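Below is one structure; the comments refer to it alone.
All values reported here derive from a predicted model rather than from experimental measurement. Numbering of residues begins at 1 and proceeds along the displayed sequence.
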Amino acid sequence: MSDVVSAGVLVRPARQDELTAVGALTVAAYEADGLLVANAEYAHELSDAARRAEHAELLVAVTGDGELLGSVTVTPPGSAFAEISRPDELEFRMLSTAPAARGRGVGEALTRAVVDRARALGARRVVLCSLDSMTAAHRLYARLGFTRLPERDWQPGPGFWLRAFGLDL
């Protein structure tokens, strides 16, 4: 993947020497939104950026100076991190923005990079799952043209629903 610049934010593949910081940033972003209260064990999966980089594409958003602003895990169907993707779809997960970088277009830059990656791979759709409480992310997805895929909603644990979204390319 080539580097993508959007709104002054550079999106590129994560580097090996950044993986510990990417894991910590992802956990901090989820904690800042209170998203680990219902599933504290998920913090371990979020923090393991090395595993994500090994089994998926791990993209980061950085400033021109290299300051880490956010990350996203891009996963094709059938891969270790895929949850709902089907053939010809590209899925993304664990979209996170450092709490101090909120409001700077980081989430949008990362999401647009995923869409660009999907097009480059010839995917027909980009898909993701999101918690009901992730309303800021839902507004972003709607603004970028994603629609709900309620038939693909699922429940990984009792009372813990993930809502599916998709963008046809």
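Of all non-hydrogen atoms in Val60 and Val22, the two that sit nearest each other are CG1-CG2, 3.6 Å. Nearest heavy atoms, Val9 versus Ala61: CG1-CB, 3.5 Å. Closest non-hydrogen pair, Ala101 versus Val106, comes out as O-CG2, 4.0 Å. Residues Ser71 and Thr26 come closest through the heavy atom pair OG-OG1, 3.3 Å. What you find for Gly23 and Ala49 is that their closest heavy atoms are N-CB, 3.8 Å. Residues Ala113 and Leu59 approach most closely at CB-CD1, 4.3 Å, considering heavy atoms.
Interatomic distance, Leu25 CG to Ser47 OG, rounded to the nearest 0.5 Å: 12.5 Å. The line from OG of Ser85 to CZ of Arg152 is 7.5 Å long, rounded to the nearest 0.5 Å. Annotation: the span from Leu162 atom CG to Leu131 atom CG amounts to 5.5 Å, rounded to 0.5 Å. The CZ atom of Arg12 lies 10.0 Å from the CG atom of Leu58; values are rounded to the nearest 0.5 Å. From Leu69, atom CG reaches atom CZ of Arg104 across 5.0 Å, with rounding to the nearest 0.5 Å. Between the CG atom in Leu95 and the OH atom in Tyr141 there is a gap of 4.5 Å [rounded to 0.5 Å].
Between Thr111 and Leu144, the closest side-chain pair of non-hydrogen atoms falls below 4.5 Å.
Glu18 places a side-chain N or O within donor-acceptor distance of the main-chain N or O of Arg15, the cut-off being under 3.5 Å.
In this structure, Phe146 and Phe92 have perpendicular ring planes: the angle between them is above 60°, well past the 30° mark.
Hydrophobic clustering keeps Trp161 apart from Leu149 (ILVMFWY residues linked when any side-chain heavy atoms are closer than 4.5 Å, directly or through intermediates).
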Exercise answer: donor-acceptor pairs, residues 72-84 side-chain atoms, under 3.5 Å, sequence neighbours excluded:
residue: Thr73; atom: OG1; partner: Arg52; partner atom: NH1; Å: 3.1
residue: Thr75; atom: OG1; partner: Ser79; partner atom: OG; Å: 2.2
residue: Thr75; atom: OG1; partner: Ala82; partner atom: N; Å: 3.4
residue: Ser79; atom: OG; partner: Pro76; partner atom: O; Å: 2.7
residue: Glu83; atom: OE2; partner: Arg93; partner atom: NH2; Å: 3.2

What pairs of donor and acceptor atoms, side-chain ones from residues 118-126 against any protein atom, are under 3.5 angstrom apart with sequence neighbours left out?
residue: Arg125; atom: NE; partner: Asp168; partner atom: OD1; Å: 2.7
residue: Arg125; atom: NH1; partner: Glu89; partner atom: OE2; Å: 3.3
residue: Arg125; atom: NH2; partner: Asp168; partner atom: OD1; Å: 3.2

Pair Leu140-Arg143, side-chain contact (heavy atoms from CB on, under 4.5 Å): steps then yes or no: CA-CA 5 Å; Leu140 167 65; Arg143 191 171 69 249; 3.3 Å; yes
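Remark: Gln155 CD is packed, more than 12 non-hydrogen atoms of other residues, nucleotides or ligands lying under 6.0 Å away.
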